[in-house]
Amino acid sequence: MPKCVCRWRWLMASLVPGLAHVLALCALSSTGQGQHLPLLSAPPPDTRPAGRVPVPDVFPAPAGTQDSVPNDAVADGREGVENFPDLAPSTYREQEKPKPRQVPSIPEPMLFDLMRPLGAERGELEVNTLVRPSIGRPATGVAWAPEVEWAFAPGHTVEVEIPFQGGHLEAFKFGLQGTFGTFRQQRSIHGWQALLERARAGKDLQLDVLHLAGHRFGQHWSLFTMQGVRFERHESQRGVKGVFNPTVFREVSERLVLGLETNLAVGARRRADWTVLPQAQFQWRQYSFQMGLGAERNLPNRGIRPAVALRLVRTIGSSGH
């Protein structure tokens with residue numbers, strides 16, 4: 001046999017097995033409609049419940065808290081609300097709540113007092129009694145007037161007062177008071193007051209309609225003013241007077257307040273009634289004791305007489321201003 005034929009057979013015997021192996025690999029790779037066979041073992045199937053989106057654990061939770069959130073909370077999105085409480089709807093509602101109103105703390109005048117401080121909170125209640133002994137001539141006995149003040153709405157109060165002269169009931173008083181608001185960066189506050197007094201006997205009547213304003217000056221000083229008109233009916237006579245009552249306060253401590261109260265009522269022909277009363281107020285818990293000694297002139301009496309006044313106050317549910 002020629003040598004070329006032997007070499008050809010040897011070459012074919014060496015190439016055929018390798019070619020067959022390559023064709024077999026091609027046939028295997030084309031099976032499964034184009035899907036490649038995995039070269040490594042496939043990962044285990046996902047057994048987590050449907051609806052949960054896998055999230056890489058970038059910030060792993062501390063040990064012992066991995067299973068603290070139920071799967072149903074994850075599925076409906078409550079997991080994010082629990083992990084981020086700022087996103088909870090209740091938090092928005094709490095943030096939308098109006099902040100408590102801040103009002104300046106200003107003491108009350110003693111003689112012509114307020115029906116609770118301006119800006120009083122709803123439900124505040126006060127019971128007090130004003131006592132005015134008569135000094136000088138003519139002596140008229142002791143005048144005293146118990147009253148009840150109640151805040152029926154925020155910043156709005158009502159008052160009922162029954163003045164006595166000795167043991168005799170003299171009149172009935174009914175009043176309303178409201179708050180407009182604050183200004184000067186909450187260092188001032190203003191409002192209004194209407195006070196009606198009707199004599200028990202006869203037809204005597206008095207109505208005061210006033211604008212109220214309180215101002216705070218620093219930590220210790222404050223000023224409260226009342227200005228308005230007074231309508232009077234005495235027997236067959238009627239009249240109108242202008243009213244102006246300024247009071248300056250100096251707060252010595254949390255329990256002691258000193259003040260100078262001035263009450264002025266000017267009528268026709270510049271005839272005026274006036275009272276000047278230096279006073280001191282002592283505060284102890286929900287009790288307040290006030291005392292004052294000054295001078296006054298009330299027409300038709302032209303003389304000036306000493307003025308003495310005492311007031312005992314008991315507050316319930318006070319807001320502290």
Side-chain angles (χ1 to χ4, degrees), residues 108-116 118 128-150 152 156-180 190-213 224-247 261-277 294-305 307-309 311:
E108 297 184 53
M110 182 178 173
L111 287 182
F112 209 117
D113 68 330
L114 302 177
M115 306 171 196
R116 298 300 297 144
L118 292 177
N128 70 78
T129 301
L130 175 66
V131 180
R132 299 201 63 186
S134 177
I135 300 178
R137 296 182 180 180
T140 57
V142 177
W144 57 288
E147 61 185 69
V148 178
E149 305 168 358
W150 176 60
F152 62 90
H156 294 78
T157 54
V158 61
E159 173 189 278
V160 177
E161 179 181 346
I162 45 177
F164 286 84
Q165 185 68 43
H168 180 68
L169 178 61
E170 289 287 318
F172 301 95
K173 283 187 177 182
F174 177 79
L176 289 174
Q177 179 180 291
T179 304
F180 290 137
H190 67 139
W192 58 271
Q193 184 184 100
L195 182 62
L196 176 65
E197 179 178 1
R198 173 65 185 270
R200 179 172 176 266
K203 297 182 178 180
D204 292 357
L205 191 69
Q206 178 177 299
L207 174 62
D208 294 337
V209 181
L210 306 174
H211 174 260
L212 315 176
F224 200 92
T225 63
M226 302 178 173
Q227 44 277 328
V229 294
R230 173 175 296 168
F231 303 94
E232 294 181 329
R233 186 180 68 186
H234 180 65
E235 295 179 353
S236 59
Q237 300 180 357
R238 298 184 180 183
V240 180
K241 293 181 178 180
V243 177
F244 181 58
N245 301 339
T247 305
E261 179 177 356
T262 304
N263 296 340
L264 181 64
V266 182
R269 300 178 182 178
R270 298 182 180 180
R271 303 179 63 182
D273 300 337
W274 57 265
T275 302
V276 178
L277 189 72
E296 65 180 354
R297 186 183 75 171
N298 294 322
L299 298 177
N301 301 323
R302 296 185 178 181
I304 299 177
R305 302 176 54 184
V308 180
R311 187 185 291 272

About how many Å separate [atom2] of [Y] and [atom1] of [X], when rounded to the nearest 0.5 Å?
X: Glu261; Y: Asn245; atom1: CD; atom2: CG; result: 7.0 Å
X: Phe244; Y: His211; atom1: CZ; atom2: NE2; result: 12.0 Å
X: Arg198; Y: Lys203; atom1: CZ; atom2: NZ; result: 8.0 Å
X: Thr129; Y: Glu147; atom1: OG1; atom2: CD; result: 7.5 Å
X: Phe112; Y: Thr275; atom1: CZ; atom2: OG1; result: 11.0 Å
X: Leu111; Y: Asn263; atom1: CG; atom2: CG; result: 5.5 Å

Of all heavy-atom pairs between [X] and [Y], which one has the smallest distance, and what is that distance?
X: Leu118; Y: Gly178; result: CD2-O, 3.8 Å
X: Phe164; Y: Pro146; result: CD1-CD, 4.0 Å
X: Leu169; Y: Arg200; result: O-CD, 3.3 Å
X: Ala143; Y: Gln165; result: CB-OE1, 3.5 Å
X: Pro163; Y: Ala171; result: CD-O, 3.1 Å
X: Ala307; Y: Leu277; result: O-CD1, 3.7 Å

Salt bridge (Lys or Arg N to Asp or Glu O under 4.0 Å) partners for Glu159, two or more places apart: none
Qualifying residues under salt bridge (Lys or Arg N to Asp or Glu O under 4.0 Å), relative to Arg132, sequence neighbours excluded: Glu296
CA sep, side-chain torsions, deciding dist, call: Leu114, Gln177, side chain to side chain contact (heavy atoms under 4.5 Å, CB included): CA-CA 8 Å; Leu114 302 177; Gln177 179 180 291; 3.8 Å; yes
Side chains of [X] and [Y], heavy atoms from C-beta outward: is any pair under 4.5 Å?
X: Trp150; Y: Val160; answer: no
X: Leu195; Y: Met115; answer: yes
X: Asp113; Y: Asn128; answer: yes
X: Phe231; Y: Leu196; answer: no
X: Leu212; Y: Thr179; answer: no
X: Phe174; Y: Val158; answer: yes
X: Phe172; Y: Ile162; answer: yes

Those residues that, when tested against Asp204, pass side chain to side chain donor-acceptor pair (under 3.5 Å) (two or more places apart):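 Once residues adjacent in sequence are excluded, the partners of Asp204 under the side chain to side chain donor-acceptor pair (under 3.5 Å) criterion are His234.
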Check ion pair Glu197-Arg230 (N to O, under 4.0 angstrom):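 Judged by the 4.0 Å cut-off on N to carboxylate O distance, Glu197 and Arg230 do not form a salt bridge.
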Backbone of Leu205 reached by a side-chain donor or acceptor of Arg233 within 3.5 Å: no
Whether Glu149 side chain and Arg116 backbone form a donor-acceptor pair below 3.5 Å: yes
Member of Asp273, Leu264, Val266 meeting the side-chain contact (heavy atoms from CB on, under 4.5 Å) criterion with Lys241: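 Output: one option passes, namely Asp273.
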